[in-house]
Amino acid sequence: MYQSRLTLAPGSTIPLPARGGIAASCHIIDDDSILAINAALATGRPLLVRGEPGTGKSQLARAAAESLGRAFVSHTVDSRTETRDLLWSIDAVARLAEAQLVGALRDGSETALRERLAIQRFVHPGPLWWAFDWESAEQQAAALQLVAPPKPDGWKSENGVVVLVDEIDKADPSIPNGLLDAFGHGRFEVPGREPVVMNPKARPLVVVTTNEERALPDAFLRRCLVLPLSLPKDRAELIETLCARGRAHFPQVAEEVVQKAAELLADDREKLRNTDLCPPGLAEYIDLLRAVCELESSQKKQLALLTRIAKFALKKHPDSWER
């Protein structure tokens, strides 16, 4: 059901059903995350979630979408991402193939040929297009026989969208500012058609994540709300936090197995403290538990397998193999 703000209690478990090729999971949300999301909704600012890999930054955006009854659209940034990729992209390969076919057939008038090669026939909606104006993005996708992003049952465009721009620190510094430019103006240009304008009644929630691999522009930071996510440094608190996640994801697993897996991860994080190596996090912990659950059914065998699987699930760096 659509909500204008999160009304969950801290520590609530949010079920995340399988949707759009993403496996089913769950997310335990804390008080800071609830408040940060509600503040972003109230101010209309993007929410920048920062922290080491494996702390649930991307999953938080998905959890927000589920809890708010919004559609979820994501885009993972890489070194080749351009600002326009968040808005729209052109299928240059399809356009070239069409041009070659037209040239080979030598069929049709000049006007008809121009229409077949018109740029708007090859423009794919990007994540912000879907978030700003779902209906026009859906029309464009249908014209190109593209599959629309998944949406919750009973969802309407006025319910809004949560957009995840994942790992923005991998992009050129122009990307963050380009994102804010479109978001700040509430509109952007698209080749060959009228501008896409944000629906003022369904302003999107934009969640941006960074693994801190590259410093972000100050201008970008000033125009975002910032939520840091991290695992506790205290060993006992860390184990307690991990166990709570383990129980939520695998309620059928014995407490001893959940506890032992948490202790193994805490040990490895301690060994990598004061190094430049990225320590294992929540994602690795869930992978470890999932592996032993899939491979063995009895508690005794799962406990015996934990240490062996931990070598593959937790130790990701050559230096850590000797530790």
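Throughout, residue positions are numbered sequentially from 1 according to the sequence presented.
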S.K.: What is the minimum heavy-atom distance between L289 and G246, and which atoms define it?
M.R.: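 That closest heavy-atom pairing would be CD1-CA, 3.8 Å.
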
S.K.: Measure the spacing between CD of E263 and CG of L306 and express it to the nearest 0.5 Å.
M.R.: 10.0 Å

S.K.: Between I175 and V165, is there a side-chain heavy-atom distance shorter than 4.5 Å?
M.R.: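 No - every pair of side-chain heavy atoms lies 4.5 Å or more apart.
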
S.K.: For Q252, I'd like to know if atom CD has over 12 heavy atoms of other residues, nucleotides or ligands within 6.0 Å.
M.R.: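 It does: Q252 CD has more than 12 such atoms within range.
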
S.K.: Check whether V163 and W155 end up in the same hydrophobic cluster, where Ile, Leu, Val, Met, Phe, Trp and Tyr are linked by side-chain heavy atoms less than 4.5 Å apart.
M.R.: yes

S.K.: Above 12 or not: heavy atoms from other molecules or residues under 6.0 Å from CZ of R214?
M.R.: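 Atom CZ in R214 is crowded, with more than 12 foreign heavy atoms closer than 6.0 Å.
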
S.K.: With side chains defined as the heavy atoms from C-beta onward, is the minimum distance between H185 and M198 less than 4.5 Å?
M.R.: no

S.K.: Do side-chain atoms of W88 reach the backbone of E189 as a donor and acceptor pair under 3.5 angstrom?
M.R.: yes

S.K.: Is there a donor-acceptor contact under 3.5 Å from the side chain of E167 to the main chain of T76?
M.R.: no

S.K.: Treating Ile, Leu, Val, Met, Phe, Trp and Tyr as nodes and any side-chain heavy-atom pair under 4.5 angstrom as an edge, say whether I28 and V258 lie in one connected cluster.
M.R.: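 The answer is no; the residues belong to distinct hydrophobic clusters.
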
S.K.: With the side chain counted from C-beta on, respond yes when V196 and L87 share a heavy-atom pair under 4.5 Å apart, and no when they do not.
M.R.: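 Counting from C-beta outward, V196 and L87 never come under 4.5 Å.
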
S.K.: Where the side chain of T241 meets the backbone of E237, is there a donor-acceptor pair that is under 3.5 Å apart?
M.R.: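 Indeed, once roles are kept as given, a pair shorter than 3.5 Å links the two residues.
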
S.K.: Should I286 and V253 be regarded as members of a common hydrophobic cluster, given that ILVMFWY residues are connected when their side-chain heavy atoms come within less than 4.5 Å of each other, either directly or indirectly?
M.R.: yes

S.K.: Are L229 and L35 in one and the same hydrophobic cluster, where Ile, Leu, Val, Met, Phe, Trp and Tyr link if side-chain heavy atoms are under 4.5 Å apart?
M.R.: no

S.K.: If we ignore hydrogens and angles and just use 3.5 Å, is the side chain of N211 paired with the main-chain N or O of E213 as donor and acceptor?
M.R.: no

S.K.: Taking all non-hydrogen atoms of both residues into account, name the closest pair between L8 and S67 and its distance.
M.R.: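 Where L8 meets S67 most closely, the heavy atoms are CD1-OG, 3.6 Å.
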
S.K.: Examine R84 relative to F188 and say whether NZ or CZ is less than 6.0 Å from the centre of the six-membered ring and inside a 45° cone about the ring axis.
M.R.: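 Checked: cation-pi criterion not met.
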
S.K.: Are any of the side-chain heavy atoms of E256 and K260 separated by less than 4.5 Å?
M.R.: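 In short, these two side chains do not touch, never coming nearer than 4.5 Å.
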
S.K.: How about D78 and T81: does a side-chain donor come under 3.5 Å of a side-chain acceptor?
M.R.: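 Yes.
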
S.K.: Quick check on Q299: does its CD atom have over 12 non-hydrogen neighbours (other residues, nucleotides or ligands) under 6.0 Å away?
M.R.: yes

S.K.: Taking atom OG of S136 and atom CZ of R193, what is their separation to the nearest 0.5 Å?
M.R.: 5.0 Å

S.K.: Grab the two heavy atoms, one from K57 and one from G51, that are nearest each other, plus how far apart they are.
M.R.: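 In terms of heavy atoms, the two residues are closest at NZ-O, 3.2 Å.
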
S.K.: At their closest point, which heavy atom of G281 faces which heavy atom of L265, and how far apart are they?
M.R.: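 Here G281 and L265 meet closest at O-CD1, 3.2 Å.
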
S.K.: Is the count of non-hydrogen atoms from other residues, nucleotides or ligands lying under 6.0 Å from D234 atom CG greater than 12?
M.R.: yes

S.K.: Check step by step if side chain to side chain contact (heavy atoms under 4.5 Å, CB included) holds for E284 and R269.
M.R.: CA-CA 11 Å; E284 287 82 0; R269 285 183 68 88; over 6 Å; no

S.K.: Checking one residue: L144. Which other hydrophobic residues are in its cluster under the side-chain 4.5 Å linking rule?
M.R.: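 L144 clusters with L146.
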
S.K.: Within this structure, what is the CG-OG distance for the pair L179 and S174, rounded to the nearest 0.5 Å?
M.R.: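 With rounding to 0.5 Å, CG (L179) is 11.0 Å from OG (S174).
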
S.K.: Do the side chains of F183 and R203 get nearer than 4.5 Å, heavy atoms only?
M.R.: yes

S.K.: Enter the distance from S33:OG to L227:CG here, rounded to the nearest 0.5 Å.
M.R.: 4.5 Å

S.K.: For the side chain of E52 and the backbone of C278, is there at least one donor-acceptor N/O pair under 3.5 Å apart?
M.R.: no

S.K.: Under the criterion side chain to side chain contact (heavy atoms under 4.5 Å, CB included), I'd like the reasoning laid out for N199 against D133: C-alpha separation, chi angles, the key distance, then a yes or no.
M.R.: CA-CA 6 Å; N199 181 352; D133 186 356; 5.9 Å; no

S.K.: If I compare all heavy atoms of D85 with all of S89, which pair ends up nearest, and what's the gap?
M.R.: OD1-CB, 4.4 Å

S.K.: Would you give the length of the straight line joining atom CD of E240 to atom CD of Q259, rounded to the nearest 0.5 angstrom?
M.R.: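 These two atoms lie 9.5 Å from each other.
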
S.K.: Between A71 and K151, which heavy-atom pair has the shortest distance, and what is it?
M.R.: CB-CB, 4.2 Å

S.K.: Determine, stepwise, if the pair V208 / F220 fulfils side chain to side chain contact (heavy atoms under 4.5 Å, CB included).
M.R.: CA-CA 11 Å; V208 184; F220 175 72; 4.1 Å; yes

S.K.: Counting C-beta onward and ignoring hydrogens, is there a side-chain heavy-atom pair between L272 and P280 closer than 4.5 Å?
M.R.: yes

S.K.: Quick one: are L16 and F72 in side-chain contact, heavy atoms under 4.5 Å?
M.R.: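 No. Closest side-chain heavy atoms not under 4.5 Å.
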
S.K.: Taking CZ in R5 as the centre, count heavy atoms belonging to other residues, nucleotides or ligands within less than 6.0 Å. Is the count above 12?
M.R.: no

S.K.: Taking the side chain as C-beta and beyond, is there a heavy-atom pair between R62 and L164 under 4.5 Å?
M.R.: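 Not touching, per the 4.5 Å side-chain cut-off.
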
S.K.: Under the criterion side chain to side chain contact (heavy atoms under 4.5 Å, CB included), I'd like the reasoning laid out for H75 against V73: C-alpha separation, chi angles, the key distance, then a yes or no.
M.R.: CA-CA 7 Å; H75 183 90; V73 181; over 6 Å; no

S.K.: Look only at the side chain of H249 and the backbone of S25, and say whether a donor-acceptor pair between them is shorter than 3.5 Å.
M.R.: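 The answer is no, because no donor-acceptor pair under 3.5 Å joins these two groups.
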
S.K.: Hey, any chance V257 and L295 share a hydrophobic cluster, counting ILVMFWY side chains that come within less than 4.5 Å of each other, even indirectly?
M.R.: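 Yes, because V257 and L295 connect within a single hydrophobic cluster, where side-chain heavy atoms sit under 4.5 Å apart.
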
S.K.: Can you tell me if R50 uses its side chain to pair, donor with acceptor, with the backbone of E212 under 3.5 Å?
M.R.: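 Absent.
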
S.K.: Do the side chain of R187 and the main chain of P195 share a donor and acceptor less than 3.5 angstrom apart?
M.R.: no

S.K.: Just by distance, do the side chain of Q59 and the backbone of G54 share a donor-acceptor pair under 3.5 Å?
M.R.: no

S.K.: How far does CG of L264 sit from OH of Y285, to the nearest 0.5 angstrom?
M.R.: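 That separation rounds to 10.0 Å.
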
